[in-house]
S.K.: 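Input: one structure, supplied below.
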2 protein chains.
Amino acid sequence: MRRSISDRIEQYLKVLINRSDAQQIEIQRAELAETFSCVPSQVTYVLSTRFNGKDGYITESRRGGKGFVRITHVSTKARDCSHLHEDLQEMIAHMLEDRHMQESEARFIKYLLPALFEDMDEEQQQLVLTSMIKAIVRYNRLQSE
Amino acid sequence: MRRSISDRIEQYLKVLINRSDAQQIEIQRAELAETFSCVPSQVTYVLSTRFNGKDGYITESRRGGKGFVRITHVSTKARDCSHLHEDLQEMIAHMLEDRHMQESEARFIKYLLPALFEDMDEEQQQLVLTSMIKAIVRYNRLQSE
DNA sequence: ATAATAAAGGTCAATAATGGTCAAAGGAGC
DNA sequence: GCTCCTTTGACCATTATTGACCTTTATTAT
């Protein structure tokens, strides 16, 4: 669906990162630009718009001979979510770490949910949490398409 | 007289959506306008009058090169509830205007709610909506301090 | 060691390619 | 004529692409 060169570079890099062991890759800017037949500065553009801290990525680089750009996806190992209803705050923090949620969203939900749950019994809370996980997964899929 | 251009655009888009796997399509505004020999803003008009949240549709877009408009049809169950849902959408819109809420938060909630309501009966939905509205009001107050 | 040179990556502003907004004009059915 | 929906267009906002010029680092020549 997403067809611009920037989109394709983004996709390409994210696949590489996901396949990597440490959620980290190193690339050559000029080489990548060559691969996608674009100017090197477009790679910089993609990095700054799609791999910034807000999106859960850290980029470092070195100029000159043997230069490189390193991209790291900061995330912790996914955890078992079977007991979500027991510790809501922890769950949200966890999702935030895993970048299944953005900073601003997390902050919002963090505030919203306790207020929501005030009026709900445990069963209802569990229902809401389960649905929410599903929704977030779907949302995430849409975002990363 | 024959149906209006807006009607025909609506029909066209709905057929495309129904035929799609994920009840979701992406179009180019200018291209669609060209197809129907109208100005691009008429497409925007159709989207806002026939594909808004009230009708069970979510639209997202991106400007600039290789921009697009994405239309998603959300399930009927999710929107067949009380006026509270509409009220909430309106609140979100207002908060966006007043910058008491971020785009990403609003987008997130728009996705979250239908999925959340999928598994809930009307009574539960009402409870959630009421609590959410209360919570948002409080959140709003905190933000504006 | 130092100076020159080559080999990276970075910045920034101009331009192009989209979609959005809003208010005014048009038109069909009372 | 009045009202509501539609149609239009001028102007706006956002995102992508490109290229000239700059900075940093490694390598080579003296």
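So you know, we letter chains A, B, ... as the sequences are listed, proteins then strands, and number each from 1.
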S.K.: So does A/Arg62 get a side-chain nitrogen or oxygen closer than 4.0 Å to the phosphate oxygens (OP1/OP2) of C/dA7?
M.R.: no

S.K.: Distance check needed: C/dA8 P versus A/Glu34 CD, whole Å only.
M.R.: 13 Å

S.K.: Would you kindly give the CD1-to-P distance between B/Ile5 and C/dA28, to the nearest whole Å?
M.R.: 12 Å

S.K.: Does the side chain of B/Gln28 get closer than 4.0 angstrom to OP1 or OP2 of C/dG19 through an N or O atom?
M.R.: yes

S.K.: With heavy atoms under 4.0 Å as the rule, sort A/Arg70 into base, sugar-phosphate or nothing.
M.R.: nothing

S.K.: Phosphate oxygens OP1/OP2 of D/dT7: is one of them under 4.0 Å from a side-chain N or O of B/Ser6?
M.R.: yes

S.K.: Mind calculating the distance between CZ (B/Arg3) and C1' (C/dG27) to the nearest angstrom?
M.R.: 19 Å

S.K.: With rounding to the nearest 0.5 angstrom, report the CD to NZ distance, A/Gln23 to A/Lys14.
M.R.: 12.0 Å

S.K.: State whether the distance check finds a donor on one side and an acceptor on the other, under 3.5 Å, for side chain A/Ser41 versus base D/dG19.
M.R.: yes

S.K.: Hey, are the side chains of A/Gln24 and A/Arg70 touching, using non-hydrogen atoms and a 4.5 Å cut-off?
M.R.: yes

S.K.: Roughly, in whole Å, what's the span from CD in A/Glu26 to P in C/dA8?
M.R.: 14 Å

S.K.: Decide yes or no for A/Phe68 and A/Ile27: does some side-chain heavy atom of the first lie under 4.5 Å from some side-chain heavy atom of the second?
M.R.: no

S.K.: Checking all strands, does B/Arg29 fall into the base, sugar-phosphate, or nothing category for heavy-atom contacts under 4.0 angstrom?
M.R.: base

S.K.: Could you check whether A/Ser61 gets within reach of a base, just the sugar-phosphate, or nothing at all, counting any heavy atom under 4.0 Å?
M.R.: sugar-phosphate

S.K.: Distance alone, cut at 3.5 Å: any donor-acceptor contact between the side chains of A/Gln42 and A/Ser6?
M.R.: yes

S.K.: Please write out each protein N/O paired with an N/O of nucleotides 15-17 of chain C under 3.5 Å, distance rounded to 0.1 Å.
M.R.:
none

S.K.: Between A/Tyr57 and A/Arg50, what is the shortest heavy-atom contact and its length?
M.R.: CD1-O, 4.0 Å

S.K.: Among the nucleotides C/dT11, C/dG19, D/dT7, which one has an atom lying closest to any side-chain atom of A/Thr44?
M.R.: C/dT11

S.K.: Measure the distance from OH on B/Tyr45 to C1' on C/dG27 and round it to the nearest whole Å.
M.R.: 12 Å

S.K.: Whole angstrom is fine here: how far is it from CD in B/Glu60 over to P in C/dG20?
M.R.: 12 Å

S.K.: Roughly how many Å is it from CG in A/Leu47 to P in D/dA16, rounded to a whole number?
M.R.: 13 Å

S.K.: Could you check if a side-chain atom of A/Ile9 sits within less than 4.5 angstrom of a side-chain atom of A/Cys38, using non-hydrogen atoms only?
M.R.: yes

S.K.: With a cut-off of less than 4.0 Å, is there a side-chain N or O of B/Arg50 near OP1 or OP2 of D/dT6?
M.R.: yes

S.K.: Are A/His73 and A/Ile58 packed together at the side-chain level, in the sense that at least one heavy-atom pair is separated by less than 4.5 angstrom?
M.R.: no

S.K.: When the distance from CG of B/Leu32 to P of C/dG20 is rounded to whole Å, what number comes out?
M.R.: 12 Å

S.K.: Tell me, do A/Asp7 and A/Tyr12 make a side-chain contact under 4.5 Å, heavy atoms counted?
M.R.: no

S.K.: Which nucleotide in the list D/dG19, D/dT17, D/dT7 gets nearest to the side chain of A/Val39?
M.R.: D/dG19

